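I have placed the structure first, in the form of structure tokens, so that the comments after it can refer back to it.
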2 protein chains.
Amino acid sequence: MESRAPRAANRSTVLAHVLTHGPVSRTAIGHETDLSPATVSRIVEQLLDEGLLTETDGAPTTARGRRATQVAIAAGRGVVCGVDVGGSNVRLVVADLAAEPLTGRTVPTPADYDAPRLAQWLADLIVATVGADRERLDCVAVGLPGAVRQGDRAVSNAPNLPQVEDPQFLRLLEKHLGTAVEVDNDSNYALLGELRFGAARDAQTAVMLTIGAGLGAGVAIDRRLFRGRSGLVGEFGHLPAGPLGAPLERIISGSGILARARELGLSFDNAADVFRSADPRLAPVRQYVEQALLVILTAAVVAYEPEVIVLGGGISHALTPDLVRLRGRLHEIVPAAEATVHGAELGDLSGALGAVVAALHTAYRRLGLAEADLARVPQPDALAGCDLPALADRA
Amino acid sequence: MESRAPRAANRSTVLAHVLTHGPVSRTAIGHETDLSPATVSRIVEQLLDEGLLTETDGAPTTARGRRATQVAIAAGRGVVCGVDVGGSNVRLVVADLAAEPLTGRTVPTPADYDAPRLAQWLADLIVATVGADRERLDCVAVGLPGAVRQGDRAVSNAPNLPQVEDPQFLRLLEKHLGTAVEVDNDSNYALLGELRFGAARDAQTAVMLTIGAGLGAGVAIDRRLFRGRSGLVGEFGHLPAGPLGAPLERIISGSGILARARELGLSFDNAADVFRSADPRLAPVRQYVEQALLVILTAAVVAYEPEVIVLGGGISHALTPDLVRLRGRLHEIVPAAEATVHGAELGDLSGALGAVVAALHTAYRRLGLAEADLARVPQPDALAGCDLPALADRA
DNA sequence: CGATAATACTTTCACCCTGAACGGAAATAG
DNA sequence: CTATTTCCGTTCAGGGTGAAAGTATTATCG
């Protein structure tokens, strides 16, 4: 360990504290991080010099005595962009370094474009959305509807948007943007969003299941994403527990549900409608799906003992009325389970907001934040005063 | 971060290096840990003063120049005892601080004893096995055939030896021994053993499944045990994927297999015999078990993306001939899986040796080893020159 | 057998970082 | 205007580290 290590560690501690606790005085930082005032002062001075922090004199005169000068992250110093590329919609959110969303945008995915064209289109869209902040753009994170291997960023298992499996897509996207891009599974990002700002805000360990055209999953252990090497983690849809050893994903995904309804002579455009319909003939379908879902929930519970399981994706809305019963049955199967099953709080924006978090993490890492401190930033209430529906507006 | 932090960290680094790399010279330590020779010298001197290390002059004259003086852990400074309490046998292994086994013992479990009597019996057995080393006894770790919650050490789910669920058992055991005792699930310890010395020696992430009277599981991520709060992690036997939503454990455990054979009018004493028997009428039973096992293996693969899955427990021997086919079918189900399925290399001693590892970790922690360094100790080849069958001898 | 070279370890020293103590600055109370 | 309180910057001793110089030990060579 070099002599410079403690300095870097303390720097990271201070920076993380400012990022999580918003504007805060030097004294308060010292008090809450067990660092001596001298150390805090030195480090804050250095961070101010570097332009990472700014002094804000908004001190709400608590007691008598000298007024504390607060410091906060220099939010405008950079922006990040989180992108959620789905089979039907692309959602973008641009946020500053304080995780405050600046703009958002939702655009239908041009699913018929080939890989190069899609890359060009997406790059243009990102540039247009970031707008004048482009030169301050620190990082872009893109969630894709498929498995992403973190080693070589190979994308697989993306039946809903196969173009993104083409290695060209990422290469061209980065080329057009002129920046490196973070990539991950959209479910992982959705979990990251819910973990920071949504239903898993207070959970150490959480699982996200996105039930849409396919079945996706993300897992966080000790507030950090747990990705395997192949992006396979949590994909319990592969379990050969259906009839004749069929994978569960075939039962529980949108296409599976539609196929099952069609067997009964009922045709729907949208899998969620199968749940909304009151037709009694559909009861066995629903029951069938519910049993498969229970297997998957049980798998998630015994695999990770999560505190929260978040259900997201198109079909999850339709499942809301069944949540109570699901919880009950899950508890019957695994009485020791402490997991609660919730719907996604951020709705369709989980993915884009999670991508923002991932992008912020990269930006923060570049600013010198230690890996261990990343698990606590950005501050969970950054979205508090923020109009989420407005962000999702189609512009 | 206090000023003393780097010292402690470097101390831990040096100690860990000596523990993993056996007798080694100061220069080599410095070279391999990126610490300066001065720092290594200072720390080694301190460790020698404390009696934690000893100088061994066994330098095999490599080149000309001053002969390197090697240092090694003062192995005889303490001993630890690992105990694996099973439904039918209790296995003990006593080892020194260098993880060198000193004695071992296997004794039938007096399953009819009540909790207080069992505690007394076990304490006596441990004391008798440790013998003269008793005053140097650093730590005892006991693996139990049930779920152990790490918070309050509550034991549950131990149908094969229900006495151990009684809180008295642990309390009295510690009282009779006069030492605190580490407790955990026997599958967790078995995994720890295989992870250090056995089939998962080179794996970062591994899963252990013990198939015996019940179905147990242990999970390691990044070479560290992953335990939930309730000891539920990896227990995919709960999956309601059997007929009519029955839990898989009912199919795959010893009692389940016997019951299934009995339905066919065939009676066995031992579930493993069902697999050994050539009776063609048993084919459906085997197939049925294999399908359930496949679901569990798939769950383990997609849950953790392990590099290795180790099968242990009484029935696993009987499955050895099927391993190749199992691997093939698993690969069909999850092509991206990189997991290989292996039998336990340490055989019935996995659990006791894993308990030794757990006890050593506690001992090392007391010596000042940082949590991160624990994942690399003790040295994996500590058992190399060791006669395992002799350790398992009934004495 | 002594000189030399090579290697292992130790000592010295300059430097970095921290916490404790002190002192200046700013705001309120009287 | 002075006293008091609180916040913040500065000084200083202490502990810790790496680079470099110094010492010890061994093999090789003339």
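Keep in mind it's a predicted model, so treat the numbers as computed, not measured. The chains referred to below are lettered A, B, ... by the order of the sequence lines, with proteins before strands, and numbering in each begins at 1.
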B/Leu53 atom CG is separated from C/dC9 atom P, nearest whole Å, by 13 Å
All N/O pairs under 3.5 Å across the protein-nucleotides 1-5 of chain C interface:
from	atom 1	to	atom 2	distance (Å)
C/dA5	O3'	B/Arg64	NH2	3.3

What are the residues of residues 39-48 of chain B, sorted by number, that bring a heavy atom to within less than 4.0 Å of DNA chain C?
B/Ser41
Please compare A/Pro37 and B/Arg11 by the position of their nearest nucleotide in DNA chain D and report the one closer to 5'.
A/Pro37
Mind checking whether A/Tyr304 and B/Phe226 have parallel, tilted or perpendicular rings, split at 30° and 60°?
tilted
Among the candidates C/dA8, D/dT26, D/dC8, find the nucleotide nearest to the side-chain atoms of B/Arg66.
C/dA8
OP1 or OP2 of D/dG16 under 4.0 Å from side-chain N/O of B/Asn10:
no
On a heavy-atom basis, which atom in A/Asn188 and which in A/Val219 lie closest, and how many Å separate them?
OD1-N, 4.1 Å
Under the rule for salt bridge (charged side-chain N to carboxylate O under 4.0 Å, His left out), what residues qualify as partners of A/Arg366, not counting sequence neighbours?
none
Could you check which of D/dG18, D/dC8, C/dG19 has an atom nearest any side-chain atom of B/Ala38?
D/dG18
Give the C-alpha distance, both sets of side-chain angles, the deciding distance and a yes or no for salt bridge (charged side-chain N to carboxylate O under 4.0 Å, His left out) between B/Arg201 and B/Glu345.
CA-CA 10 Å; B/Arg201 210 176 313 128; B/Glu345 271 183 26; 2.8 Å; yes
What is the distance from CD of B/Glu55 to P of C/dA8, rounded to the nearest Å?
15 Å
How long is the gap from OG1 on B/Thr13 to CG on B/Leu369, to the nearest 0.5 Å?
8.5 Å
Distance-only donor-acceptor check, side chains B/Thr69 and B/Arg26, under 3.5 Å:
yes
D/dG16, OP1 or OP2 - any side-chain N/O from B/Arg7 closer than 4.0 Å?
yes
Just to confirm, is there a sub-4.0 Å distance from OP1 or OP2 of C/dA8 to any side-chain nitrogen or oxygen of B/Arg26?
no
Quick check for you: among C/dC9, D/dC8, D/dT26, whose closest atom lies nearest to any side-chain atom of B/Arg67?
D/dT26
Quick one: list whatever passes side chain to side chain donor-acceptor pair (under 3.5 Å) with B/Arg66, sequence neighbours left out.
none
Determine whether a donor-acceptor pair (N or O, by modelled atom type, separation under 3.5 Å) exists between the side chain of B/Glu182 and the backbone of B/Val142.
no
Quick check on the helix from C/dC1-D/dG30 to C/dG30-D/dC1: what's the angle between its two end axes, five base pairs per end, to the nearest 10°?
20°
Whole-Å distance, B/His31 NE2 to C/dA8 P, equals 10 Å
Could you tell me how the ring of B/His361 sits relative to the ring of B/Tyr364: parallel (under 30°), tilted (30 to 60°) or perpendicular (over 60°)?
tilted
Protein-nucleotide distance (A/Ile29, atom CD1; C/dG19, atom C1'), rounded to Å
17 Å
Short question: side chain of B/Ser12, backbone of B/Ala8 - any donor-acceptor pair under 3.5 Å?
no
Ignoring backbone atoms, establish whether B/Ser25 has a side-chain N or O less than 4.0 Å from OP1 or OP2 of C/dA8.
no
Listed pairs under 3.5 Å, donor-acceptor, residues 374-386 of chain A side chains, sequence neighbours left out:
from	atom 1	to	atom 2	distance (Å)
A/Arg376	NH2	A/Asp373	OD1	2.9

Can a donor-acceptor pair be found, under 3.5 Å and without considering hydrogens, that links the side chain of B/Glu307 to the backbone of B/Gln204?
yes
